[in-house]
Amino acid sequence: MGSSHVLAIPYAAQGHIIPLMELSHNLVMHGFKITFVNTDFSQERIVKSFAGKDDVRDQIRLVSIPDGLEAWEDRNDLGKSCEGILRVMPKKLEELIQEINGTDDHEIACVIADGHMGWALEVAEKMGIKRAAFWPSAAAMMVLTFRMQNLIDDGIVDDDGTPIKNQNFHLSPNMPTINTANLPWTSIGDSTAQTLVFKYLLRNNKSITVADWLICNSTYDLEPDAFSLAETLLPVGPLLASNRQANTAGHFWPEDSTCLEWLDQQPACSVIYVAFGSFTVLDKAQFRELALGLELCNRPFLWVVRPDITTGANDAYPEGFQERVSSRGLMVGWAPQQKVLSHPSVACFLSHCGWNSTMEGVSNGVPFLCWPYFGDQILNQGYICDVWRVGLGLHPDERGLILGEEIKNKVDQLLMDEKFKARAMELKEMTAHNVKEGGKSHNNLKNFIEWIKS
Ligand code: UDP
């Protein structure tokens, strides 16, 4: 069994940890021993959120290394985070592997690193260890990221990644349109952060080339054109806990599963599920408008109001809102989202279009209302609304605010047109097929596992 110990290292964000943890669980089912490397900061949050029910650490060893930032520094400042990572993590990872190999009965046979942690693949290469990159977002995003140098050469962005002019472009006719204002690095933070992230990604593109395998959480059917542009990238998705009849793991917040009982009491296909992932923050005015919009819809809703979704969330509600909606609305801090989306009461998903949320909605045949903010979310909206046609976008007014009326109108439009649900159900069938015995993702994962074992 000397060849069965895998070290998995995610980028330290919720949407990166959950799918890599899911991949790790799949490997555990195939007899692998897993060491999962968090940053000290995310490890503390994950362990805290277990709140007594911890079936992860029985199967996966969680360890942590520093991320190069002080405890008080803002980890949502992606520019600073990238600097910290490169300054500190490679050395710490190397030391960790040396320590494991010196003390554990099973040496590390393979490193699986998040596709944004290419430096970890370089560490593995230096130490003579097999290595794979796991890309947790759309294959299209990887194609785009790999073309950053072409964007510079073609005069679309300058050497710092700043767009030369505002323009739309396509990677392929059947892929979402991309606007230069919405490139993953142009839609985050200030210009310093944007440049730091751009440089980090450029460097990452080089380091990722040392990977023996490139796998991602998608399917050929969802993104045929993207995969034809990235032939070495192999889909193994959708990676969902429901595929192995289990719970998801690695959350930063404790899940409030009482909402599942609440969903049991709602009529079939009636509930608007509202969630913005782990990162997105709404300002107070937008938060209030969303609340008013949900009230206007006059339908049951389940709304994830993360403790940090807006500053002072509890007093950001419109006056009397909670009392007025108490008979048909439920707000929770963090939901068991994958289970919520598979619940028969859910009618649609008002989502920020993070890739995991996108895959989870698609896998459950749920139509979307799209409210993307930054990074890859805008491209994912393009897939949902324009390519797969299983959702509608919400449009802001001239002040940039999505109004309650707009939310109500789009919810009505989405739920009254049966074609959205019909297409979503077709997409669900097609997607599910990939992870079943003989499916393309299933076969890729099988080959990947055989390669690690070989
Ligand atoms: N999630 C969850 N409960 C919630 C909200 C989100 O479990 O109340 C999970 C969701 O199922 C997904 C992840 O958090 O797996 C969010 O990832 P995504 O890529 O959608 O968004 P990000 O957080 O990266 O912006």
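For ligands, and for the atoms within them, numbers begin at 1 and follow the listed sequence.
Contact of the Arg324 side chain with the Glu295 side chain is registered, since non-hydrogen atoms from C-beta on lie closer than 4.5 Å.
Listed by chain and residue number, Pro238, Asn243, Ser441 satisfy the side chain to side chain contact (heavy atoms under 4.5 Å, CB included) test with Val435 (two or more places apart in sequence, or in another chain). Taking the salt bridge (charged side-chain N to carboxylate O under 4.0 Å, His left out) definition, one finds that Asp412 meets it with Arg299, Lys408, sequence neighbours left out. In this structure Phe227 satisfies the ring-ring contact (aromatic ring centres under 6.0 Å, His included) test together with Tyr220, sequence neighbours excluded.
Between Lys339 and Glu255 there is no salt bridge, since no side-chain N of the basic residue sits under 4.0 Å from a carboxylate O of the acidic one. Using a 4.0 Å cut-off between charged side-chain N and carboxylate O, Arg203 and Glu122 make a salt bridge.
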Tabulating one pair per line, provide the atom names and distances (0.1 Å) for every N/O atom of ligand 1 that is less than 3.5 Å from a protein N/O atom.
unit_1, atom_1, unit_2, atom_2, d
ligand 1, 3 (N), Ala335, O, 2.6
ligand 1, 7 (O), Ala335, O, 3.3
ligand 1, 8 (O), Ala335, N, 2.8
ligand 1, 11 (O), Gln337, NE2, 3.3
ligand 1, 11 (O), Glu360, OE1, 2.6
ligand 1, 11 (O), Glu360, OE2, 3.1
ligand 1, 15 (O), Glu360, OE2, 2.7
ligand 1, 17 (O), Asn356, ND2, 3.4
ligand 1, 19 (O), Trp355, N, 3.4
ligand 1, 19 (O), Asn356, N, 3.1
ligand 1, 19 (O), Asn356, ND2, 2.9
ligand 1, 20 (O), Ser357, N, 2.9
ligand 1, 20 (O), Ser357, OG, 2.5
ligand 1, 21 (O), His352, NE2, 2.9
ligand 1, 23 (O), Ser278, N, 2.7
ligand 1, 23 (O), Ser278, OG, 2.4
ligand 1, 25 (O), His352, NE2, 2.9

